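Keep in mind that what you see is a predicted model, and the values were worked out from it rather than measured. Throughout, a chain's letter reflects where its sequence line sits, starting with A, and its residues are numbered from 1.
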There are 2 protein chains.
Amino acid sequence: MRMGEGVEWAVHCCLDLAWVGDRAVPAARLAAYYDLPAAYLNKQLQALARAGLLTSTPGPRGGFRLARTPERITLMDVVSAIEGPDHAFRCTEIRRRGPGANHADHSRCAVDQAMGVAELAWRRELAAQTVADVMATVQRTNPDVPDRVRRWFTT
Amino acid sequence: MRMGEGVEWAVHCCLDLAWVGDRAVPAARLAAYYDLPAAYLNKQLQALARAGLLTSTPGPRGGFRLARTPERITLMDVVSAIEGPDHAFRCTEIRRRGPGANHADHSRCAVDQAMGVAELAWRRELAAQTVADVMATVQRTNPDVPDRVRRWFTT
DNA sequence: GTTTTAGTACTCGGATAGGCCGTGTCCGAGTGCATCTGG
DNA sequence: CCAGATGCACTCGGACACGGCCTATCCGAGTACTAAAAC
């Protein structure tokens, strides 16, 4: 049960893009800010763009920017865009295999159901928190961060 | 974000061991019931034994049995035993790297905090469901399963 | 001075290798049972 | 017939390969800007 680190990168980049505003920021610049491999970060941002969270513009003065306001981007959107839409627990229906299989039974696997309940709670909590919420948390503990970020990216 | 399939195997095996009762069941027999690789399933059951969920007895008439009653084994216990105690989202503190790093800031990463809230909800739901609960669900939809399992494993 | 045009530098985007963890397999240590042997 | 010893079959337990996905990288297509040149 391990989440790719691209999720962390993506959320931080969304925060920065929100603070910068409507100005496009290249992937290379975001990578430089966090000292990350530029090409790979670009890959993650592409995933966000495919999911409709970011808009990408090529050429000089191009880059990425938020496709919607931070209030309308949830952490669930980001996680789903990077990690894919699949559930963490994938029921392979082992109860249908081997001598104990009951092919007449078409009910849902109880184990899958129980795991699904837990995973649904996880997704619900992710969907309840928006990028704007995280921005507010950062600004509450570090009020100078937004301006620092904006200045660094706009120079 | 992908959970190892060993978790599914482990939960199903816990159900079967609970239905069988206090009789020890070898890993090979459990593997045969679901048509799974025996040695690998043994590995997973070893993990459950290390976590204190099962007791293992070697030699003839040996095997695995539940170390506690099904009411006192939660799905969180099983998942934690198989997948390990680590959190799915591991904050690597990229905000401390690169030119934007603020080394004077010792506050907690807001992204990690937000992800932690969601993951905590997931763990809470897993801890709220016991093996006995899943057993009850199965018996509700398929009342004949417990006896079928008991008979197959005790013959 | 204005317009056209060619060049150039910069950006994303997808196609291409490397490394680590989950998956699968194997053999050895230990235990309990059954059998055999001696009294 | 009974007690002890012996061999054996069975089980877990940890050590050893294989493959797929995450990580990382490179190069090409497309675009906007710049600058020069022609009118």
Side-chain angles (χ1 to χ4, degrees), chain A residues 1-10 13 17 20 23-32 34-67 79 81-86 88-90 92 94 153, chain B residues 1-10 13 17 23-32 34-67 79 81-90 92 94 153:
Chain A
M1 248 304 264
R2 175 182 160 180
M3 179 173 288
E5 58 183 345
V7 173
E8 182 185 4
W9 303 0
C13 287
L17 289 175
V20 165
R23 185 173 174 145
V25 179
R29 190 148 189 82
L30 284 164
Y34 292 119
D35 194 17
L36 298 175
Y40 189 35
L41 177 62
N42 188 23
K43 194 179 183 60
Q44 314 287 354
L45 297 178
Q46 283 177 33
L48 294 180
R50 268 194 297 270
L53 303 182
L54 304 183
T55 60
S56 64
T57 60
R61 313 284 293 173
F64 294 93
R65 67 190 76 187
L66 290 185
V79 170
I82 300 292
E83 293 286 319
D86 295 346
F89 181 84
R90 283 149 19 285
T92 60
I94 65 170
F153 278 106
Chain B
M1 247 308 261
R2 175 181 161 183
M3 178 173 287
E5 59 183 343
V7 173
E8 182 186 4
W9 304 1
C13 287
L17 290 176
R23 185 174 176 143
V25 180
R29 190 148 188 82
L30 284 164
Y34 292 119
D35 195 17
L36 299 175
Y40 189 35
L41 177 62
N42 189 22
K43 195 180 182 62
Q44 315 288 354
L45 297 178
Q46 283 177 34
L48 295 181
R50 267 194 298 269
L53 304 183
L54 304 182
T55 60
S56 64
T57 61
R61 312 285 293 173
F64 294 92
R65 67 190 75 188
L66 291 185
V79 171
I82 300 294
E83 294 285 320
D86 295 346
H87 284 233
F89 181 84
R90 284 149 18 287
T92 60
I94 64 170
F153 278 106

note: A:L30, atom CG; C:dT11, atom C1'; distance rounded to Å ~ 13 Å
Taken to the nearest whole Å, CG/A:L41 to P/D:dT25 is 12 Å
Per atom distances to the A:N42 side chain, the nearest of D:dT25, C:dG24, C:dG13 is C:dG13
Across all chains, not counting sequence neighbours, the side chain to side chain contact (heavy atoms under 4.5 Å, CB included) partners of A:R65 are A:D22, A:A24, A:T55, A:T57
Atom CG of B:L45 and atom P of D:dC12 are separated, to the nearest Å, by 8 Å
Review point. Under 4.0 angstrom, heavy atoms only, what part of the nucleic acid is A:R29 near: base, sugar-phosphate, or nothing?
Key: nothing
Check whether more than 12 heavy atoms from other residues, nucleotides or ligands sit under 6.0 Å from atom CZ of A:R61, and answer yes or no. no
Here the distance between atom C1' of C:dT11 and atom CD of A:Q46, to the nearest Å, is 11 Å
Which protein N or O atoms sit under 3.5 Å from an N or O of nucleotides 5-11 of chain D?
{"unit_1": "D:dT11", "atom_1": "O4'", "unit_2": "B:G59", "atom_2": "O", "d": "3.1"}

Just the table, please: protein N/O against nucleotides 16-23 of chain D N/O, every pair under 3.5 Å.
{"unit_1": "D:dT23", "atom_1": "OP1", "unit_2": "A:E5", "atom_2": "N", "d": "3.2"}
{"unit_1": "D:dT23", "atom_1": "OP2", "unit_2": "A:Y40", "atom_2": "OH", "d": "2.9"}
{"unit_1": "D:dT23", "atom_1": "O5'", "unit_2": "A:Y40", "atom_2": "OH", "d": "3.2"}

In short, side chain to side chain donor-acceptor pair (under 3.5 Å) pairs touching residues 42-51 of chain A with sequence neighbours left out are A:Y40-A:Q44
Closest heavy-atom pair, B:Y34 versus A:I94, reported as atoms and distance to 0.1 Å, is CD2-O, 3.2 Å
Exercise for review: Would you indicate, yes or no, if D:dG14 has its OP1 or OP2 atom less than 4.0 angstrom from a side-chain nitrogen or oxygen of B:R50?
Suggested key: yes
Checking B:L41, B:L66, B:V25 against B:C13 for side-chain contact (heavy atoms from CB on, under 4.5 Å), the one that qualifies is B:L41
Residue set satisfying side-chain hydrogen bond (donor to acceptor under 3.5 Å, both in side chains) with B:T92, at least two apart, ordered chain then number -> A:E8
Hits for side chain to side chain contact (heavy atoms under 4.5 Å, CB included) against A:A32, two or more places apart or cross-chain, chain-then-number order -> A:W152
Shortest non-hydrogen pair, B:A47 vs B:A81, comes out as CB-O, 3.8 Å
